[in-house]
Novice: 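After the structure tokens below, expect a handful of questions from me.
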Amino acid sequence: GWCHPCPYNYPGAENTDEEDAVKSGCEYGMNEDYFWYNVDCKGRQRNKGLYIADRDLNGNSARHTRQNPNGNRRGFECPEERDYYPYWHPTPWKDIAVLVSNKDRCPFFQSNSFNVMGKGICYSSDSDEQTS
């Protein structure tokens, strides 16, 4: 198998010793890679406009959601991206199917899929701060 923990050309995308260890230990393919999780998801402030019910979240990164308030890691999946679809931030995923119980929702999902509705990131040259 082959995988690369840093496939995107983001600012700060140089490999670290930890990334090299992940890369050298990769026997099978990865859906979400180390860089996507550790830099993009963990480093991105959570969207505070998303529904969290009455949960107290124990952090402010995209790892903290109403279903994952402690920001626990499960592989390299980004919890906010998993829990809130369609996602508001750029994503490497391509939709191949969306399962719904109400067909009336199909036009909404079709028009808001990242496949047809591009999303972008702006990085400030003065800092690592990003906005979407």
Side-chain angles (χ1 to χ4, degrees):
W2 177 87
C3 67
H4 194 285
C6 190
Y8 301 105
N9 191 18
Y10 289 124
E14 57 279 340
N15 278 10
T16 65
D17 290 340
E18 188 177 2
E19 287 175 297
D20 287 338
V22 169
K23 182 178 177 182
S24 67
C26 182
E27 185 175 337
Y28 304 102
M30 285 189 199
N31 291 324
E32 292 127 331
D33 58 52
Y34 176 84
F35 182 79
W36 183 257
Y37 176 82
N38 196 51
V39 174
D40 195 69
C41 180
K42 186 174 165 184
R44 181 174 58 247
Q45 187 176 74
R46 72 179 181 84
N47 181 339
K48 294 182 180 172
L50 297 174
Y51 178 72
I52 61 169
D54 60 352
R55 303 301 296 257
D56 289 326
L57 304 185
N58 296 323
N60 285 314
S61 79
R63 295 177 307 155
H64 301 88
T65 68
R66 65 187 162 90
Q67 295 175 326
N68 190 32
N70 293 323
N72 298 332
R73 191 180 97 183
R74 289 169 181 79
F76 295 131
E77 123 184 300
C78 185
E80 189 179 79
E81 183 181 23
R82 174 200 65 212
D83 294 349
Y84 299 98
Y85 179 85
Y87 197 46
W88 61 275
H89 188 271
T91 175
W93 291 101
K94 299 290 183 208
D95 297 326
I96 60 168
V98 177
L99 306 178
V100 296
S101 57
N102 180 350
K103 289 186 208 175
D104 293 339
R105 300 286 294 152
C106 287
F108 169 79
F109 289 120
Q110 288 171 329
S111 65
N112 286 283
S113 166
F114 190 61
N115 295 2
V116 297
M117 177 187 241
K119 297 171 174 106
I121 303 171
C122 296
Y123 285 94
S124 168
S125 60
D126 297 333
S127 71
D128 290 334
E129 186 174 327
Q130 61 177 319
T131 59
S132 297

Novice: Should N47 and H89 count as side-chain neighbours, where that means a heavy-atom distance under 4.5 Å?
Specialist: no

Novice: For the residue pair L50 and T65, establish whether any side-chain heavy-atom pair is separated by less than 4.5 Å.
Specialist: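 No; the side chains remain at least 4.5 Å from each other.
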
Novice: Are Y37 and E77 packed together at the side-chain level, in the sense that at least one heavy-atom pair is separated by less than 4.5 angstrom?
Specialist: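 No - every pair of side-chain heavy atoms lies 4.5 Å or more apart.
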
Novice: For the residue pair W93 and E81, establish whether any side-chain heavy-atom pair is separated by less than 4.5 Å.
Specialist: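 Yes, side chains in contact.
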
Novice: Please determine if E80 and R46 form a salt bridge, counting it only when a charged side-chain N lies under 4.0 Å from a carboxylate O.
Specialist: no

Novice: Determine whether R44 and C78 make a side-chain contact, defined as any pair of heavy atoms from C-beta on separated by less than 4.5 Å.
Specialist: yes

Novice: So which atom in H64 and which in N58 form the shortest heavy-atom distance, rounded to 0.1 Å?
Specialist: NE2-O, 3.5 Å

Novice: Which ILVMFWY residues are connected to Y85, directly or by a chain of links, through side-chain heavy atoms under 4.5 Å apart?
Specialist: V98, V100, F108, F109

Novice: Using every non-hydrogen atom in the two residues, find where Y51 and Y84 come nearest and quote the distance to one decimal.
Specialist: O-OH, 2.6 Å

Novice: Which pair of heavy atoms, one from K48 and one from N60, lies closest together, and at what distance?
Specialist: CE-OD1, 3.6 Å

Novice: From Q67 CD over to N72 CG, what is the distance, rounded to the nearest 0.5 angstrom?
Specialist: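 So the CD of Q67 and the CG of N72 are separated by 13.0 Å.
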
Novice: Please report the shortest heavy-atom distance between F114 and T91, naming the atom on each side.
Specialist: CE2-O, 3.0 Å

Novice: Could you identify which residues cluster with M117, counting Ile, Leu, Val, Met, Phe, Trp and Tyr as linked when any side-chain heavy atoms lie under 4.5 Å apart, either directly or through a chain of such contacts?
Specialist: none

Novice: Quick one: does C41's side chain get under 4.5 Å of R63's, heavy atoms only?
Specialist: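 C41 reaches R63 side chain to side chain.
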
